[in-house]
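Inspection log for the structure reproduced underneath, given as structure tokens.
A, B, ... follow the sequence lines: proteins, then strands. Residue 1 opens every chain.
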Number of protein chains: 2
Amino acid sequence: MERFKDVLKASNLKSTHQRLAILDCIDSFGHIDIDAIYEHIVPKYPSMSKATLYRNINDLISFHILEEVKLPNQKQQYEIKKVPHIHLLCTHCSKVEDVFVETKPLLEAVTLNSGFTISNSFIVMNGTCKECKA
Amino acid sequence: MERFKDVLKASNLKSTHQRLAILDCIDSFGHIDIDAIYEHIVPKYPSMSKATLYRNINDLISFHILEEVKLPNQKQQYEIKKVPHIHLLCTHCSKVEDVFVETKPLLEAVTLNSGFTISNSFIVMNGTCKECKA
DNA sequence: TCTTAAATAGGATTTATTCCTATTTAAGTT
DNA sequence: AACTTAAATAGGAATAAATCCTATTTAAGA
Ligand SMILES: [Mn+2]
Ligand SMILES: [Mn+2]
Ligand SMILES: [Zn+2]
Ligand SMILES: [Zn+2]
């Protein structure tokens, strides 16, 4: 995927097959944990080492290309970094949804209440998705 | 602590020294990870087994006596379950603060936007606390 | 004090993550 | 197209985290 080659180059990271496979995989799943990434990639790259996977996940996070997604009662997942958004976890089908809503009023209320200067927010909600209700 | 004996009894759990020590420790720290709990308890109860600690943490969570607190770039922490609130993590001093602000408008916006029925929300913000700014 | 189901200790096992280093490779240079 | 080299990988070892197993202990009700 050409897009990720550019992303990697912008951070002076080499476009290895392994890295591109990891990024492609995470991109196509949206949100995915490390074992699922491995299971998905290993049939295509049987030599893929878990050490390489872990190392790359950590490196890509520190270059802000990936982001960790911590969900209640779930293994840590990863996603391609995008604009800030909220995560919805359906407790029935385990699907993870992105929602883009305005959080500024909440952040301002928190700032006012606490004197804390907020740099990032991580918002997860769980419940039942539209499809599981039907 | 008498309070926790009652809490345990309400869930038909025996008030063992180990459980009370775990609950006391978590309560006094507010938010704490599993290794810190162990380090804090083992001088008083040298026979305390890590298996007992892990088992109790998991049991107490499933009885809704404890709650996990997942913070960005931090080991998972635990707290005594209380009324819903927001967590602030200071990236300078690593302190974790509770804030109680109204989240209903945000939840309603998310519901409207997604068709998702929300049962719980987990909100974490990081930045700089009042003390670290001074 | 007696009884018993629940809980613990602590070592074994399993799972998760990181470390190490010889070999390979991406990508820039000639 | 071959050359160069720093970066990256493979894969096994080491370390860390979490769970399992079961003989022994204990909380708590009778
Ligand atoms: Mn997302
Ligand atoms: Mn809290
Ligand atoms: Zn669903
Ligand atoms: Zn601070």
Expected output: side-chain B:S11 to main-chain B:L8 donor-acceptor under 3.5 Å: no

Would the number of heavy atoms belonging to other residues, nucleotides or ligands and lying under 6.0 Å from [atom1] of [X] be above 12?
| X | atom1 | answer |
| --- | --- | --- |
| B:K9 | NZ | no |
| B:H17 | NE2 | no |
| B:K44 | NZ | no |
| A:K130 | NZ | no |
| A:K81 | NZ | yes |

I need the B:E102 CD to B:I86 CD1 distance, nearest 0.5 Å. 9.5 Å

Just to be sure I understand the geometry, which residues of residues 56-72 of chain A put a non-hydrogen atom under 4.0 Å away from DNA chain C? A:N58

Below 4.0 angstrom from OP1 or OP2 of [N], is there any side-chain N or O of [X]?
| X | N | answer |
| --- | --- | --- |
| B:Q18 | C:dA9 | yes |
| B:Y54 | D:dA18 | yes |
| B:R55 | D:dT19 | no |
| B:H17 | D:dA27 | yes |
| B:T16 | C:dA7 | no |
| A:S49 | D:dT9 | no |

Of all the nucleotides listed ([options]), which has the minimum atom distance to the side chain of [X]?
| X | options | result |
| --- | --- | --- |
| A:K14 | C:dA6, D:dA10, D:dA6 | D:dA6 |
| B:A51 | C:dG10, D:dA17, D:dG11 | C:dG10 |
| B:S47 | D:dA17, C:dT17, C:dA9 | C:dA9 |
| B:S15 | C:dA9, D:dA10, D:dA28 | D:dA28 |

Quickly work out the [X] [atom1] to [N] [atom2] distance and round it to whole Å.
| X | N | atom1 | atom2 | result |
| --- | --- | --- | --- | --- |
| A:L53 | D:dT9 | CG | P | 10 Å |
| B:Y45 | D:dT26 | OH | P | 12 Å |
| A:R19 | C:dA26 | CZ | P | 11 Å |
| B:K50 | D:dA16 | NZ | C1' | 9 Å |
| A:L8 | D:dT9 | CG | P | 10 Å |
| B:I41 | C:dT8 | CD1 | C1' | 14 Å |
| B:I34 | D:dA17 | CD1 | P | 11 Å |
| A:M48 | D:dA10 | CE | P | 6 Å |

Please classify the nucleic acid contact of A:T52 as base, sugar-phosphate, or nothing, using heavy-atom distances under 4.0 Å. base

For the pair B:D35 and B:K50, find out whether any cationic side-chain nitrogen is under 4.0 Å from an anionic carboxylate oxygen.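 Looking at B:D35 and B:K50, the cut-off is met.
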
